[in-house]
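Residues: numbered from 1 along the sequence shown. Both ligands and their constituent atoms are indexed starting at 1 by order of listing.
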Amino acid sequence: MDSAEKSWEKLRTPHITHHQVPQLRSFAAHIKRPWISLLAVLILQYLYFGGYLIFPFVYKYAQDHDNHPNLHFTLPVDWLGAPNGLFIDANKIWHVYFEFESTAPDPEPCRNWGHAISTDLYDWKMQPIAIQCDEYESLSGSVVIDENNTSGFFPKQKDGVVAIYTQYHLTKKTKEQALAYSTDGGFSFTKYANNLPLATSMDTESMHDPKVIWHSKTQKWIMVIAKKVIVEIYTSSNLLDWTFASVYKNQNLVGSRNEFNGPNLVPIPRVETTGAKNWTNLPTIPGGEVLDFGDYILLVSSARGSPLNGGSITRYFPGKFNGTHFSPVDDRTDRFIDFGPDNHASQFFFGLADGAPVISLGWASNLQYAGSVRTGSREGWRGILTGPREGYLIHNPSPHGADESDLSYFGRPVGLEGLKDEVHANITVRQALDQSVAYTNSEAILIEAKYVMMPDNADPVEINLDLVFKSSSGEEQLLCSVIFGTWMADFVCDRSQASKNWTLSDPSMNQMMARQVPPLLPFHNPASRRWEFQAIMDRSILEVYLNGGVKAGTITMFPSTPLDIVHLRSKEIPGWANLTVTVQRLRARNNELLR
Ligand SMILES: *[C@@H]1O[C@H](CO)[C@@H](O)[C@H](O)[C@H]1NC(C)=O
Ligand SMILES: *[C@@H]1O[C@H](CO)[C@@H](O)[C@H](O)[C@H]1NC(C)=O
Ligand SMILES: *[C@@H]1O[C@H](CO)[C@@H](O)[C@H](O)[C@H]1NC(C)=O
Ligand SMILES: *[C@@H]1O[C@H](CO)[C@@H](O)[C@H](O)[C@H]1NC(C)=O
Ligand SMILES: *[C@@H]1O[C@H](CO)[C@@H](O)[C@H](O)[C@H]1NC(C)=O
Ligand SMILES: *[C@@H]1O[C@H](CO)[C@@H](O)[C@H](O)[C@H]1NC(C)=O
Ligand SMILES: *[C@@H]1O[C@H](CO)[C@@H](O)[C@H](O)[C@H]1NC(C)=O
């Protein structure tokens, strides 16, 4: 068993106590007639252990939980694992599947594919389990729409859905790649030929997490799949028979013990900086032109070994793909989708138009502690997904002109405008800032800061903006600070005081840091030196975006009393600079997940 396997193995053990049962009993005790109580206990226990996903009482119970995010995807109870099989269908409905384990006491925990749908990527509606555990459990994988019936499963339809995933035999303890198909648009699946593994010459046992895309130029399906510290690429014309095409290795990672998981290869558009050509343009993205240069990015996650903090990390490699081979622009290993500790196994949606920005969701957790965060024993759930992000490639701004190794991923939140609600504070900082803003923790908030400067000379300057999230009823706090410099910005966040009873053995995991973040384009125009900062705070998850999305960071925290105040602080702002800060409610989602 490899090391990543071991940590999964640990997660597979029941990690959520059955403390819900007494609570359900006490609920029933409030009902006067004893036989009704008894019946209620029986029904509630059955529903809880058998099919709580359709039952409202458990949602109500879960809703009181302090750490449950309001805006981000979570489950009311149980274990939410990595997102899988993300796709958008022809009716513009987003589908997310996720590794899901019931906490039923027996038999062995067994991972299913849970399923939820949304029209806006924020309001999710839970669906019945899509792929059920039988003697096999269904691990990570992906979903495609087989519009041309290449598989032969869909004689009369254009919207046939195929899931390709790794399956694990619970008693034989073997692993292989499997397929299930859905004729009802992805709601219910039939496992192909009794869990028959896919036909290839590949050593399927050591591989996992197949991600499939359609490559229209060659009219072939393409699968990328992780195998220790390499990614193998296969092609197929029918989704069933797969031919080995090539292998992607990064010379600087092949010696690593930190195995890959969740590979994703997707085409991605580039934003060219019209702003750099015309300096009077404001550097908004996508104010630049969105162009298709035939770029791809390959993502891979590792359970540990992050150069940032030692934990889980998701890297990306920009490059080209010709139908069989992925050619990265270089061998760099320091490009990360997120600089925080809590964004593992990001996945991209299938079904978006060619040339459109990619859209992703990640698992806002870290395999070094995902199975032991305190919400499990306290509130009966574990696991959050990141907010949806749309991504492009950009050239890092460089006064010397751009070359391909400057390419980097730009990821920003999707559709925030539509969520903006009541404004708690709108501050134009005249001198120094020192102000507390209260909010209720039954909502998510958005903090936006803009800093514009025109210094008299070229001397470097630094202006800090501190954000201290505090609790009106407790001591815990989350300390964050963004430092706007002349040419680069820094960001740091420390959660060691926001999770008092949740002590990490590795203190470096409590830090989230991004240094030397380049500005939003254009860089070399002194007339528009400006910095942008956004933070989305949602009870136990904070996502920050620096300079529109040049860098994104995700950190979770599990305070024992709700964080409901943000204290904003800066030192004196020079006369040649302007700082504005807004704090605003984000519309709490109106979904069924937590009801
Ligand atoms: C779909 O494929 C199956 C199996 O190859 C075939 O029998 C059927 O005619 C096909 N339907 C269409 C519309 O192509
Ligand atoms: C379906 O067929 C059309 C027409 O041949 C082709 O352009 C398209 O790429 C195919 N798509 C898939 C997913 O098979
Ligand atoms: C630069 O952009 C501004 C604002 O969009 C526009 O008015 C101006 O004509 C542009 N200049 C050139 C040289 O393209
Ligand atoms: C794709 O790239 C590989 C490696 O560069 C090359 O060997 C192969 O011939 C290319 N295939 C096509 C169709 O261009
Ligand atoms: C904050 O105030 C400025 C100036 O009055 C206004 O333009 C801006 O729209 C306000 N922002 C929000 C979020 O209300
Ligand atoms: C700051 O705001 C003032 C008043 O709106 C404006 O005159 C000035 O140009 C701004 N400074 C910068 C650097 O944008
Ligand atoms: C930490 O845990 C102890 C023992 O479980 C409990 O008494 C204490 O109140 C907790 N403190 C906080 C801040 O949650």
Practice prompt. Please indicate whether Asp354 has more than 12 foreign heavy atoms, meaning atoms of other residues, nucleotides or ligands, lying under 6.0 Å from its CG.
Written response: no
Worksheet item: Should the pair His215 and Tyr296 be assigned to parallel (<30°), tilted (30 to 60°) or perpendicular (>60°) ring geometry?
Response: tilted
Worksheet item: What residue and heavy atom of the protein are closest to atom 13 (C) of ligand 6, and at what distance?
Response: Trp576 O, 3.5 Å
Worksheet item: Of all the non-hydrogen atoms in the protein, which one sits nearest to atom 8 (C) of ligand 6, and at what distance?
Response: Asn578 ND2, 3.7 Å
Fill in: Under 3.5 Å: N/O of Asn426 near N/O of ligand 5
yes
Discussion item. Protein heavy atoms near atom 2 (O) of ligand 5, is at least one of them under 4.0 angstrom away?
Written reply: yes
Worksheet item: How are the rings of Trp124 and Phe73 set relative to one another: parallel (under 30°), tilted (30 to 60°) or perpendicular (over 60°)?
Response: perpendicular
Worksheet item: Any side-chain donor paired with an acceptor under 3.5 Å for Gln347 and Asn84?
Response: no
Worksheet entry | ligand 5 atoms in contact with Gln584 (distance to a heavy atom under 4.0 Å) | 13 (C)
Discussion item. Give me the nearest non-hydrogen protein atom to atom 14 (O) of ligand 6 as residue plus atom name, then the distance to 0.1 Å.
Written reply: Val452 CG1, 3.5 Å
Worksheet entry | Taking atom 12 (C) of ligand 4 as the reference point, the nearest protein heavy atom with its distance | Asn322 ND2, 3.3 Å
Practice prompt. Count the heavy atoms of every other residue, nucleotide or ligand shown that sit under 6.0 Å from NZ of Lys320, and state whether that count exceeds 12.
Written response: yes
Worksheet item: Hey, what's the ring geometry for Tyr234 with Phe244, parallel, tilted or perpendicular (30° and 60° as the breaks)?
Response: perpendicular
Practice prompt. Please check atom 5 (O) of ligand 6 for a protein heavy-atom neighbour under 4.0 Å.
Written response: no
